[in-house]
Amino acid sequence: MSITLPALTSGASESFKVSGKYSAPVRRPIEPVGRSFLAHAARTLRGHTWSDYEKLQAEKNVKVVEENPDDDIGDEDQDEELLSHDPREWKTADLYAVLGLSKLRHRATEDQIRRAHRKQVLKHHPDKKSASGGLEQDGFFKIIQKAYEIMLDSSKRAQFDSVDSHADVLPPTPKTEYDFFEAWGPVFESEARFSKKQPVPLLGTMDSTKEEVDKFYTFWGKFDSWKTFEFKDEDVPDDTANRDHKRYVERKNIANRKKLKQEDNKRVIDLVERAYSEDPRIKKFKEDAKKEKERKKWEREAGSRQAAEEAAAKKAAEEAAAKKAAEEASLLKQDSKKAKEAAKAAKKKQKRAIRGSVKEVGYFGEEAKSADIEADLELLVEKLNETQLATVSAKVTNASADAVKSSFTDVISELANEGKVDRSYFKYFK
Amino acid sequence: MSTVLGISFGNTSSSIALSTKDGKVDVIANPDGDRAIPSVLSYVGEDEYHGAQAKSQLIRNPKNTIVNFRDFVGKKYDEVDISASKLGSPAIKSANGSISYEIQRGSTTESLTVEEVTKRHFKKLKEAAEDYTGKKVEGVVIAVPTNYTEEQKAELSKVLDASGLKSLQVINEPSAALLAHLSAKEDRSLEDKVYVVADFGGIRSDVAVIAVRGGIMTILSTSHKLGLGGDKLDDVLAEYFAKEFEKKYKANPRNNARSLAKLKSESIVVKKTLSNVQTSTCSIESLAEGIDFHTSINRLRYEVTARQVLSEMSSFLEEAVKKSGLETIDIDEVLLVGGTSHTPKLAADISFIFPETTVVTSPALDSKALNPSELIARGAALQASLIEGFDESEIKESLQPIVVNTQHLVKPIGIKDSEGNFVTLLHAETAFPIKKTLEVTNGDSDAVSVELFEGERTVKETVIEPEQDSDDSEDEEEEPEIKRTAVYVSGNKLAELALKDLKPNAKLEIIINISNDGVLNISARELKQGSVAVKGQVSSSS
Ligand SMILES: Nc1ncnc2c1ncn2[C@@H]1O[C@H](COP(=O)(O)OP(=O)(O)OP(=O)(O)O)[C@@H](O)[C@H]1O
Ligand SMILES: [Mg+2]
């Protein structure tokens with residue numbers, strides 16, 4: 001069943017009338033497989049020679065479905081100064097910026113360089129400029145082609161990278177305030193790419209171990225760079241007439257390269273030394289080492305110190321004990337002194353009671369013999385011990401004459417029997 | 001039989017295929033009889049094992065068995081997720097940052113770069129093909145995922161050349177699969193359709209949305225999910241068996257690597273069996289503590305166990321369609337690719353995402369569908385036979401941006417019929433140049449107009465009343481279903497042609513073509529001797 005067209009509305013006189021444009025198409029890659037594709041390819045290529053410009057045009061604004069983080073590669077714009085750079089002086093142009101790679105620089109891969117170059121060609125091709133009515137200016141295009149040539153030749157690229165000061169990361173200004181790691185980390189990261197030996201140990205962090213830090217400074221102390229300075233050469237005249245001059249320039253170039261290389265080596269050494277002197281980890285390690293030394297020493301002396309301590313403790317304990325003993329002794333002494341005094345007093349009292357007892361009883365009625373009696377009692381009290389004194393004195397106090405007399409007679413006999421006194425010494429109590 | 005080979009090179013398995021004289025394609029079995037040849041190499045003493053024999057070494061000799069290396073080719077160690085190698089020999093970082101493996105051979109340790117491993121794998125594939133045909137392989141077309149980088153493709157071509165297989169062309173996997181599908185039936189490639197090619201493999205899933213216009217394929221979007229694939233299904237099944245074993249014997253089979261490898265290996269077999277039949281046995285000798293394990297599982301139990309993973313797969317597909325800026329109602333056909341696409345439940349889940357009008361092609365739903373494990377190799381073989389006659393420079397020329405990067409229509413272009421409906425002549429995403437012819441009629445009018453429009457997409461919603469007299473319709477009111485369809489209506493008018501003095505019900509022919517540089521030519525005429533065509537040009541806004 002075929003489709004029926006609508007009847008022509010009256011009034012339409014022309015047989016064809018355009019009323020609009022169809023939406024702008026989008027460029028996409030088609031899948032290069034199958035018969036239909038091969039027919040398409042044959043049609044596209046048959047009898048057709050495409051200019052480079054057309055070919056590059058076909059790579060522009062293509063909608064790709066796989067995310068490619070590199071899609072904007074080479075998209076940056078060059079500034080006026082660069083665009084009007086004298087192509088004869090191309091060596092002094094920033095060749096990465098020329099290709100729109102001023103951010104990536106030495107990190108750009110070959111593929112990225114190719115892609116960026118394609119974009120610059122599309123943007124700056126003289127065909128395009130003259131087509132859009134611009135001046136016939138192909139100076140910058142020449143620099144683009146030169147930059148591309150250098151960047152795809154690995155040894156020439158290395159020569160350019162050696163002197164690419166735009167890529168340098170400068171060390172922090174001395175005597176300003178900065179974080180050591182934030183300021184120096186990128187400096188070494190940047191210098192690292194010139195090392196012949198890879199991988200290169202990087203600065204690390206405050207938490208890096210001493211081994212890591214030591215490894216870092218040892219490596220950088222012996223830094224061996226592949227930097228080379230041909231790019232700074234003065235152009236050698238290709239004028240064969242003046243051989244001497246040519247040779248002179250060549251020699252001068254070689255000498256100059258050597259000089260620049262030495263200067264650069266010195267520069268790296270200075271960087272490393274400065275970083276070392278500012279490195280908070282080095283300070284920390286030194287302090288740590290000092291503390292460690294002290295600790296070791298302290299440990300080493302621990303034995304004798306313990307003995308001394310023990311001796312001191314012992315001495316102190318002994319002293320304390322001695323002091324306590326002395327105190328106790330003195331206390332005891334005081335006590336006995338009092339007792340003695342008391343005893344003495346008691347003796348005195350008892351002696352007085354004994355002596356006084358005979359006077360109380362009127363010397364047994366024999367007052368005339370009172371001197372003899374007193375002399376005998378004197379002798380007696382001297383011989384009586386404490387107990388006897390107490391007993392005798394008690395017996396004779398307030399006692400009758402007879403009781404007093406017999407008490408004395410008894411105790412004298414007792415003493416004489418014990419052999420403590422000689423009876424003959426007594427005059428009254430014989 | 002052709003002497004150029006199509007290769008599908010997967011992380012899990014590889015296939016090789018050849019075109020036959022009558023335009024058919026044979027997928028070749030290797031000497032072990034496998035068509036899905038495991039991409040595995042294993043070293044035992046002096047011996048090298050490949051394919052299924054190597055894969056079985058994962059149980060006894062995992063450290064010397066290299067698996068899942070395809071995605072690593074041409075990549076640096078730091079750029080990839082090396083966990084894919086963990087079941088076998090671990091990928092290690094070489095001094096220059098590239099990826100390699102360390103293999104014990106006798107008393108010496110051999111270090112193999114991932115490229116060397118790939119080369120050895122290709123040599124085995126080459127031997128298998130030459131063993132089968134008795135002829136030398138002259139060249140190959142190999143298929144890789146769409147996110148293989150240019151560097152990876154270049155590296156892969158180098159490795160192919162080094163293994164003695166001349167690389168003719170590296171193509172995209174979904175395009176190869178779709179080419180095989182389109183070529184399987186005459187005229188299928190002439191139908192303008194939007195396809196979703198969904199590839200569920202072993203350790204990754206990939207989706208590409210591809211427009212086919214006049215036989216030309218254009219990828220509209222791609223999505224990748226690494227880590228989602230058949231391996232995950234094996235793992236859930238292995239865990240299911242481990243639990244059962246543990247419950248029965250109070251022994252844990254997860255404690256040692258060998259028991260785990262045995263579980264995994266048997267789970268793969270069980271999983272594949274359940275794609276074909278309703279129940280499968282599972283037997284593992286000496287699974288743990290010397291105990292043999294014999295059990296069985298049915299498909300339903302498996303599907304319940306694997307539900308989480310299977311639904312991850314179908315939601316990934318759904319997301320991928322969204323990413324292309326289209327809706328499921330804009331998709332004409334879903335082509336299921338990859339080993340895991342054999343899973344009946346996956347195919348069923350996917351067909352539920354799409355409206356009934358979307359065809360889902362999978363052997364689980366259509367017995368005539370091609371084997372999803374073989375589609376990519378078949379497509380590569382077809383492409384190989386198509387370019388066999390060209391020389392290297394001709395192929396290279398055809399792949400230039402000037403050929404490949406073409407302008408595409410953003411909106412469809414069509415005409416209005418007598419009822420005011422928009423009739424599509426050229427679909428959106430049609431690549432230039434293009435030519436299309438349509439036969440129409442004037443009905444009983446003696447003069448008609450051919451009005452050329454751009455189509456605008458609208459969504460038509462039709463309410464489908466729920467069936468009233470179903471037995472189980474309880475008190476809960478069933479939601480009326482709303483069916484959505486994408487319908488194009490006339491939008492921006494481009495041009496109008498007038499055809500006059502026609503006899504009733506005449507045959508009219510409309511020819512539209514857009515040249516490489518975007519000039520649209522339209523002409524209309526009555527199909528009779530001596531008729532003069534009315535024609536005109538339309539251009540694009542820029
Ligand atoms: N009949 C089947 N039923 C279910 N799963 C299957 C079947 N056949 C193969 N598989 C599974 O398919 C997966 C392998 O699929 P395929 O060969 O497409 O992967 P690949 O492309 O090699 O790997 P990747 O996608 O990881 O790179 C494995 O997990 C395998 O177990
Ligand atoms: Mg795959």
Side-chain angles (χ1 to χ4, degrees), chain A residues 1-10 12-45 48 50-51 54-68 70 109-111 115 118 198-199, chain B residues 146-147 150 171-172 175-176 179 189 214-222 383 386 397-411 413 416-418 423 431 433 439-443 445 447-450 454 492-498 516 518 520 534 536 538-542:
Chain A
M1 205 199 70
S2 93
I3 293 149
T4 310
L5 292 177
L8 190 67
T9 44
S10 54
S13 51
E14 301 145 273
S15 58
F16 180 77
K17 203 176 98 200
V18 180
S19 39
K21 292 182 168 193
Y22 71 91
S23 309
V26 55
R27 198 190 289 275
R28 286 178 183 279
I30 57 175
E31 286 299 284
V33 297
R35 243 177 242 294
S36 305
F37 169 75
L38 292 176
H40 164 86
R43 257 197 321 267
T44 312
L45 294 167
H48 212 121
W50 302 93
S51 76
E54 283 170 309
K55 284 182 178 174
L56 287 167
Q57 194 75 27
E59 292 178 40
K60 218 170 113 175
N61 302 327
V62 180
K63 188 157 179 180
V64 282
V65 292
E66 287 298 337
E67 323 55 32
N68 192 335
D70 267 2
T109 64
E110 194 179 311
D111 180 55
R115 286 221 296 269
R118 262 182 242 144
Q198 296 284 350
Chain B
T146 56
N147 67 344
E150 289 306 319
I171 63 175
N172 287 324
S175 314
L179 178 63
S189 68
I216 298 273
M217 298 177 206
T218 302
I219 299 186
L220 303 182
S221 84
T222 57
Q383 180 65 10
L386 286 175
E397 235 193 334
S398 306
L399 300 178
Q400 292 179 93
I402 190 100
V403 177
V404 169
N405 294 339
T406 62
Q407 301 284 17
H408 286 70
L409 278 184
V410 169
K411 289 180 178 174
I413 291 175
K416 214 186 233 178
D417 71 8
S418 58
V423 179
E439 206 176 284
V440 294
T441 179
N442 54 324
S445 332
V448 289
S449 68
V450 179
E454 268 192 325
N492 174 28
K493 187 168 172 178
L494 303 176
E496 187 171 349
L497 284 74
N516 232 325
L520 185 157
V534 179
V538 177
S539 58
S540 71
S541 53
S542 49

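A search for side-chain hydrogen bond (donor to acceptor under 3.5 Å, both in side chains) contacts involving A:Ser23 returns B:Glu454, not counting sequence neighbours. Remark: A:Val18 engages A:Phe16 in a side chain to side chain contact (heavy atoms under 4.5 Å, CB included) (not counting sequence neighbours).
In plain terms, the two heavy atoms of A:Pro32 and B:Leu399 that are nearest each other are CB-CD2, 3.5 Å. A pairwise comparison of heavy atoms in B:Thr441 and A:Ser2 identifies CG2-OG, 3.4 Å as the closest pair. In terms of heavy-atom proximity, B:Thr406 sits nearest to B:Val403 at CG2-O, 3.3 Å. Considering every non-hydrogen atom in both B:Ile171 and B:Ala176, the closest pair reads CD1-CB, 3.7 Å.
Of the two parts of B:Leu386, the backbone and the side chain both hold a non-hydrogen atom closer than 4.5 Å to a non-hydrogen atom of chain A. For B:Gln400, the part lying under 4.5 angstrom from a heavy atom of chain A is the side chain only. Residue contact with chain A, scored on non-hydrogen atoms closer than 4.5 Å, involves the backbone and the side chain of B:Asn147 alike. Within the 4.5 angstrom heavy-atom criterion, atoms from both the backbone and the side chain of B:Asp417 approach chain A. Using a 4.5 Å cut-off between heavy atoms, B:Ile216 touches chain A through backbone and side chain atoms alike. Using a 4.5 Å cut-off between heavy atoms, B:Val404 contacts chain A through both its backbone and its side chain. With a threshold of 4.5 angstrom between heavy atoms, A:Ile30 approaches chain B through its backbone and through its side chain. Proximity to chain A involves both the backbone and the side chain of B:Leu497, based on heavy atoms less than 4.5 angstrom apart. Of the atoms belonging to A:Val33, heavy atoms from both backbone and side chain fall under 4.5 Å from chain B. Heavy atoms closer than 4.5 Å to chain B are found in the side chain of A:Arg43, but not in its backbone. Proximity to chain B (any heavy atom under 4.5 Å) is restricted, for A:Leu45, to the side chain, taken from C-beta onward.
Summarising the local packing, NZ of B:Lys493 is surrounded by more than 12 heavy atoms from other residues, nucleotides or ligands at distances under 6.0 Å. Other residues, nucleotides and ligands place more than 12 heavy atoms under 6.0 Å from the CZ atom of A:Arg118.
Comparing B:Val538, B:Leu494, B:Val410 by heavy-atom pairs within less than 4.5 Å of chain A, the highest count is held by B:Leu494. The candidate with the highest count of non-hydrogen atom pairs below 4.5 Å against chain A, out of B:Ser539, B:Pro401, B:Ser221, is B:Ser539. Your options are B:Ser398, B:Gly215, B:Ser540, B:Gly214, and the one with the most heavy-atom pairs under 4.5 Å with chain A is B:Ser540. Across B:Leu520, B:Asn442, B:Asn492, B:Ile219, the residue that shares the most heavy-atom pairs under 4.5 angstrom with chain A is B:Ile219. With respect to chain A, the highest number of heavy-atom pairs below 4.5 Å among B:Gly518, B:Ala431, B:Ser445, B:Ser175 belongs to B:Ser175.
Rounded to the nearest 0.5 angstrom, A:Lys63 NZ and A:Arg27 CZ are separated by 14.0 Å. Expressed to the nearest 0.5 Å, how far CD1 of A:Ile3 lies from CD of B:Glu439 amounts to 10.5 Å.
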